[in-house]
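Remember, it's a predicted structure, so these values are computed and weren't measured experimentally. Below, all heavy atoms of this structure are taken into account, side chains as well, without hydrogens, waters or symmetry copies.
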Amino acid sequence: MSMYGVVACPRCKRVKGVNLKQKTTTCQCGFEIHVVPARIRARAETARELAPLVGKVSAELAGGTEEYRRAQAPVRRRRSRDVHVRVIAVAGKGRDRTSRVRSAAIELTRELELFSLSDWERVLAGLGIPHPDEALATLVEENTVFEPKAGFFRAVVLNP
């Protein structure tokens, strides 16, 4: 079983991952590094474990371990507080106009239970679809959307 390590070039201070069984390795700058007397900054059992260690040691030598940790952490995307923006984001993934209109109605129902005509107009304006009242009338004709209260609508979802 071979061991791997991270060494720094004495000339250019670049960090490099090496097999510790080797006697020498060559840096990108052309300097020949003797592995045995060199300071091993980190050790790894496998070559897969070596890559993140090289990045970490490189960041430490550059003085930016905090930046390195921030770059490694997954980016958390904040959920928009505006319901209409969330609905537009989901409905905008549809390929054609009809699928975008249907998914807008379904998402509005998921978010608000009952949506008003002003909610509908705002979402369709965000999607760039003109004539929201005609689109809603088409969905009502197809029995995709119904009007339980005057001025409020809800999508019919047949998923159990």
What pairs of residues pass the salt bridge (charged side-chain N to carboxylate O under 4.0 Å, His left out) test when at least one of them lies in residues 24-35, not counting sequence neighbours? none
Enumerate donor-acceptor pairs with a distance under 3.5 Å from any side-chain N or O in residues 117-130 to protein atoms, sequence neighbours excluded.
| unit_1 | atom_1 | unit_2 | atom_2 | d |
| --- | --- | --- | --- | --- |
| Ser118 | OG | Ser116 | OG | 3.0 |
| Asp119 | OD1 | His84 | NE2 | 2.9 |
| Asp119 | OD2 | Ser116 | N | 3.2 |
| Asp119 | OD2 | Ser116 | OG | 3.2 |
| Trp120 | NE1 | Pro132 | O | 2.9 |
| Arg122 | NH1 | His84 | ND1 | 3.2 |
| Arg122 | NH2 | Asp82 | OD2 | 2.8 |

Are any non-hydrogen side-chain atoms of Arg110 and Val90 less than 4.5 angstrom apart? no
Rounded distance (nearest 0.5 Å) linking atom OG1 of Thr46 with atom CE of Met3: 10.0 Å
Which atom of Leu20 lies closest to which atom of Gly5, heavy atoms considered: CG-N, 3.8 Å
Do Arg154 and Glu113 have side chains that get closer than 4.5 Å, going by heavy atoms? yes
Side chain to side chain donor-acceptor pair (under 3.5 Å) contacts in which one or both residues fall within residues 133-144, not counting sequence neighbours: Arg102-Glu142
Heavy-atom nearest pair, Arg14 first then Cys27, reads CB-SG, 4.3 Å
Among residues two or more places apart or on two chains, list those pairs meeting salt bridge (charged side-chain N to carboxylate O under 4.0 Å, His left out) that have a residue in residues 89-101. none
Just how far is it from atom SG of Cys9 to atom CD of Gln28, taken to the nearest 0.5 Å? 9.5 Å
Determine whether Ile88 and Ile106 fall in the same hydrophobic cluster, where Ile, Leu, Val, Met, Phe, Trp and Tyr are linked whenever their side-chain heavy atoms lie under 4.5 Å apart. no
Under 4.5 Å side-chain heavy-atom separation, chaining through any Ile, Leu, Val, Met, Phe, Trp or Tyr, what else clusters with Leu114? Say none if it is isolated. Phe152
By salt bridge (charged side-chain N to carboxylate O under 4.0 Å, His left out), which residues pair with Glu111, not counting sequence neighbours? Arg79, Arg86
As an exercise, state the distance from CZ of Phe153 to CG of Leu112, rounded to the nearest 0.5 Å. 13.5 Å
Can you name the closest pair of heavy atoms from Thr109 and Ala155 and give their distance? OG1-N, 2.8 Å
Short question: side chain of Ser58, backbone of Val54 - any donor-acceptor pair under 3.5 Å? no
Using a 4.5 Å cut-off on heavy atoms from C-beta on, say whether the side chain of Val15 contacts that of Glu60. no
Give me the atom names and distance for the closest heavy-atom approach of Thr24 to His34. CG2-ND1, 3.3 Å
Would you check if Lys16 and Thr25 make a side-chain contact, meaning some heavy-atom pair closer than 4.5 Å? yes
Would a single hydrophobic cluster contain both Val156 and Val101, if residues Ile, Leu, Val, Met, Phe, Trp and Tyr are joined by side-chain heavy-atom contacts under 4.5 Å? no
Would you say Ile33 and Thr26 make side-chain contact, with heavy atoms under 4.5 Å? no
A side-chain contact here means heavy atoms from C-beta on lying under 4.5 Å apart; do Phe31 and Pro10 qualify? yes
Between the CZ atom in Arg43 and the OH atom in Tyr4, the distance rounded to the nearest 0.5 Å is 14.0 Å
Can you name the nearest heavy-atom pair linking Glu147 to Lys149, along with the distance? CG-O, 3.0 Å
